[in-house]
Novice: 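I have a structure here, written as structure tokens, and I will follow up with some questions on it.
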Amino acid sequence: MCHKQRNLVCFLENEDKSLTTHPVTSTNANSVILNTENPPAFLGCFRDVFMDSHLVLPVKAPEESGVQANITVGCSDKDKCIESPCQNRGRCVSQGWRRHMCECHRPYEGNNCAEEYITARFGSNDLESYAVFSLDDDPGDSLIISMFLRTRQSSGLLLILANSTSQYLRLWLEDGRVKIQINNSETLVGRSAVSDGHFHLVTLKLERTAATLFQSAQSQGFMPIRHVEVHPGDLVFVGGLPDSRASASFGGYFKGCVQDLRINSKRLQFYPIATPVESYNLQEVIGVAEGCSSDNACAINPCLNGGVCYSMWDDFICNCPPSTAGQRCEEVKWCELSPCPATAVCQPLSQGFECLSNVTFRLESSVLHFHSNGNIKRSLTSISFSFRTRQSAATLLYAQKDSDYLTVYLLNSHLVMELQKDALTVSVQSPGPISDGEWHMVKLSMDNQTLNSKWMMAVDGGKEELSKSSGGDLGFLREGADVFLGGLSLDSGVNLSGCLGPVEIGGLLLPFHLDTELNLPRPQEEQFVRMNSNAAPRFGCWGATVCSPNPCQNEGLCDDLFDLHQCTCSPEWTGPLCKDPADPCISSPCIYGACTNLPSGFKCICEPGYSGEQCEAEVDICENSNCSQGATCLKGLLSYTCLCPQNLTGQYCELPQLPVATCQGTRWNYNCFNGGNCSEGDDACYCLPGFTGQW
């Protein structure tokens with residue numbers, strides 16, 4: 001190890017030349033000449049070099065003399081790794097005196113990891129592209145295929161290993177995940193998608209009877225396999241096969257970028273780098289471009305409805321104007337544009353909008369007439385609507401084309417649907433009456449989608465009633481049929497008194513509003529259109545004015561129950577219109593008593609023990625008792641008794657309690673009560689006036 005001192009000189013390594021210092025020979029004591037043949041350059045330090053007793057080194061020669069290059073005074077062994085010579089996150093490893101080595105992260109290479117493997121672009125502008133390599137050695141028992149992958153396509157062929165007779169290893173994308181097939185049988189699919197437009201390091205490791213797929217350092221799956229034998233002369237197809245039909249079996253040609261493709265430690269370079277590395281031979285390359293450029297996805301302006309396109313790698317993003325949404329601004333938020341009149345509510349659809357409202361039909365109203373716009377392609381297999389009425393018989397909907405017809409009507413307050421198509425008639429009826437003035441939701445639909453199917457009716461989401469016979473769908477309404485609401489035809493007039501909510505046939509609305517009444521035209525392709533522009537439907541649901549003027553007499557209150565009223569009468573009156581005097585005793589107002597009618601009301605005669613206006617209060621019989629102070633009143637059913645304290649007596653405890661005398665008789669001892677005195681002769685008591693008895 002050399003240290004800086006006065007008589008040392010250091011020969012340095014030069015970045016431009018391998019070594020610029022030269023051995024010297026001497027012709028005389030004062031001259032130094034260059035040797036014309038350059039042996040391997042010396043890297044190190046000299047000290048006290050004399051020739052013919054003259055100091056040759058260290059000597060500081062003038063720069064213009066040209067006799068010295070990359071020589072410094074002193075002897076430094078500074079570690080080159082301190083200067084961080086390795087680029088792109090490469091790891092510097094010291095190799096001894098003033099030497100180092102860079103361990104490079106993929107996809108970088110070179111002495112200082114400064115060179116990046118050239119990326120290959122496949123499928124640029126959706127063109128077919130592929131490359132073919134040939135193997136010139138036997139990779140051995142362990143086969144590791146790895147590459148950096150970047151794509152936004154969910155499918156496409158990545159790599160195939162093939163010999164003269166078969167393709168024994170295949171890698172392709174399916175649903176954005178890497179899929180592997182070995183020996184035409186064993187199949188493994190990665191867990192994570194790689195089609196997000198970012199680079200992913202994909203590695204397939206085959207070790208005799210096992211295959212493992214990795215994405216970066218994460219295992220994506222494992223499977224046992226039969227041993228794969230790879231021989232010199234086998235071909236590697238990357239990105240596709242020469243036969244486009246064969247490539248289509250694996251999702252078509254790959255569209256994206258591949259970088260730093262390797263089989264074991266040997267590279268498969270589409271465009272070689274300057275650093276010499278072991279690589280397999282490139283046999284053919286078709287449509288593969290250098291780099292990883294993006295297609296200009298905005299060239300065809302994919303953004304709709306005025307959206308502005310911004311290009312991303314193999315993708316685009318649309319800056320959508322207000323009231324639009326979706327990747328391509330294809331979803332217009334029509335209802336945010338307020339397309340409906342004030343009498344309607346906007347309902348957004350996938351390709352447009354509808355304006356929903358209720359409409360009131362009276363005998364003076366007009367029947368509403370509809371046609372298809374001629375663009376209806378869907379199958380018409382259902383009818384849905386809501387209604388309210390108190391009519392027991394009325395026509396809600398009628399449609400006809402030639403001999404085919406559909407009618408929905410009320411009969412004896414039951415809802416009936418009748419359909420005739422191709423001489424087949426189907427009828428289904430609601431289980432109970434529904435002309436009660438309440439809203440009811442009705443759903444009519446085919447039991448199945450076959451040509452001949454039974455029809456079902458469900459009212460308010462209840463049990464479905466099934467038709468007895470089978471019939472067809474409503475396809476005759478798609479073009480040329482007349483559809484009427486509220487009556488059988490324009491000429492016959494309205495025979496419905498009530499309200500209809502939104503009516504849909506096959507999910508398509510029969511619009512109550514004309515297109516000219518909307519702020520924006522409906523954009524959806526399939527539509528029913530209202531035909532009679534002279535009709536003026538009354539929007540909303542309005543019942544008859546049954547409470548104006550008030551039909552309830554004697555200050556009764558009128559309740560509007562939709563086309564029906566109900567009177568709430570004062571207590572003095574009764575009857576539907578509160579015009580009949582009320583019997584106040586009918587309601588048995590006396591709780592514990594008998595009710596008697598009076599001109600001004602009623603009077604209650606209470607049972608014993610009860611009081612109050614309605615004999616509702618139990619009488620407290622002790623409340624006004626005659627028991628003296630200090631006595632306790634004991635309640636009975638209709639009377640009471642007084643419980644006296646020791647010093648009182650009498651019915652109401654109003655008398656003082658007199659003393660008791662204890663006497664000794666000739667036969668026994670006895671007591672004389674209430675102030676009585678003992679009698680010595682006959683074992684008896686002498687009573688005070690007002691008291692009698694032996695004792």
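Positions are given from 1, in the same order as the sequence printed here.
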Novice: Which residue pairs satisfy the salt bridge (charged side-chain N to carboxylate O under 4.0 Å, His left out) criterion with at least one member in residues 537-566, sequence neighbours excluded?
Specialist: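 Sorted result for residues 537-566: Arg362-Asp563.
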Novice: Could you tell me how the ring of Tyr640 sits relative to the ring of Tyr652: parallel (under 30°), tilted (30 to 60°) or perpendicular (over 60°)?
Specialist: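 It falls in the tilted class, 30° to 60°.
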Novice: Ring-plane angle category for Tyr592 and Tyr610, please: parallel below 30°, perpendicular beyond 60°, tilted otherwise.
Specialist: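 Judged by the thresholds at 30° and 60°, the geometry between Tyr592 and Tyr610 is parallel.
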Novice: What pairs of residues pass the salt bridge (charged side-chain N to carboxylate O under 4.0 Å, His left out) test when at least one of them lies in residues 634-653, not counting sequence neighbours?
Specialist: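 Salt bridge (charged side-chain N to carboxylate O under 4.0 Å, His left out) check on residues 634-653 returns Asp620-Lys635.
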Novice: Backbone N or O of Leu514 within a donor-acceptor pair of the Glu517 side chain at under 3.5 Å?
Specialist: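 Yes: the side chain of Glu517 pairs with the backbone of Leu514.
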Novice: Indicate yes or no for a side-chain donor-acceptor contact from Thr574 to the backbone of Cys569 under 3.5 Å, with no hydrogens or angles considered.
Specialist: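 No: the side chain of Thr574 does not pair with the backbone of Cys569.
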Novice: Strictly by side chain to side chain donor-acceptor pair (under 3.5 Å), give each pair with a member in residues 427-441 just once, sequence neighbours left out.
Specialist: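 Side chain to side chain donor-acceptor pair (under 3.5 Å) check on residues 427-441 returns Asp436-His440, His440-Asp460.
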Novice: Can you tell me how the ring of Phe387 sits relative to the ring of Phe385, calling it parallel under 30°, perpendicular over 60° and tilted otherwise?
Specialist: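 Ring orientation, 0 to 90° scale: tilted.
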Novice: Can you list every disulfide bond (SG atoms under 2.5 Å apart) pair that touches residues 408-438, not counting sequence neighbours?
Specialist: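 Qualifying pairs: none.
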Novice: Have a look at Phe528 and tell me which of Leu509, Ile505, Val503, Asn373 forms a side chain to side chain contact (heavy atoms under 4.5 Å, CB included) with it.
Specialist: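 Option passing the side chain to side chain contact (heavy atoms under 4.5 Å, CB included) with Phe528: Ile505.
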Novice: Within the supplied structure, the quantity of interest is the number of heavy atoms (other residues, nucleotides, ligands) at a distance under 6.0 Å from Gln664 CD; does it exceed 12?
Specialist: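 At most 12 heavy atoms, drawn from other residues, nucleotides or ligands, come within 6.0 Å of this atom.
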Novice: Quick test of your reading: applying side chain to side chain donor-acceptor pair (under 3.5 Å), list the pairs with at least one residue in residues 323-332, sequence neighbours left out, ordered by first then second residue.
Specialist: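 Output for this query is empty, none listed.
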Novice: Say whether, by atom type as modelled, one donor and one acceptor occur between the side chain of Asn305 and the main chain of Cys329 under 3.5 angstrom.
Specialist: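 Yes, because the side chain of Asn305 sits within donor-acceptor range (under 3.5 Å) of the backbone of Cys329.
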Novice: Just one of Cys585, Cys606, Cys595, Cys604 clears the disulfide (SG to SG under 2.5 Å) bar with Cys590, so which one?
Specialist: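 Filter result, single survivor: Cys604.
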Novice: For Ser192, does its backbone N or O pair with a side-chain atom of Gln220 as donor and acceptor, under 3.5 Å?
Specialist: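 Pair found, side chain donor or acceptor close to backbone of Ser192.
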Novice: Check whether the side chains of Ser392 and Asn412 place a donor and an acceptor atom closer than 3.5 Å, and report yes or no.
Specialist: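 Side chains of Ser392 and Asn412: no pair found under 3.5 Å.
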Novice: Given 3.5 Å as the limit, does a donor-acceptor pair link the side chain of Gln527 with the main chain of Arg522, or not?
Specialist: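 Such a contact is found between Gln527 side chain and Arg522 backbone.
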Novice: Taking it one step at a time, do Trp573 and Lys579 satisfy side-chain contact (heavy atoms from CB on, under 4.5 Å)?
Specialist: CA-CA 6 Å; Trp573 301 95; Lys579 64 181 181 179; 5.7 Å; no
Novice: Mind jotting down which residue pairs meet the salt bridge (charged side-chain N to carboxylate O under 4.0 Å, His left out) criterion with at least one end in residues 523-533? Sequence neighbours excluded, please.
Specialist: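 Counting only pairs at least two positions apart or across chains, the salt bridge (charged side-chain N to carboxylate O under 4.0 Å, His left out) contacts touching residues 523-533 are Arg378-Glu526.
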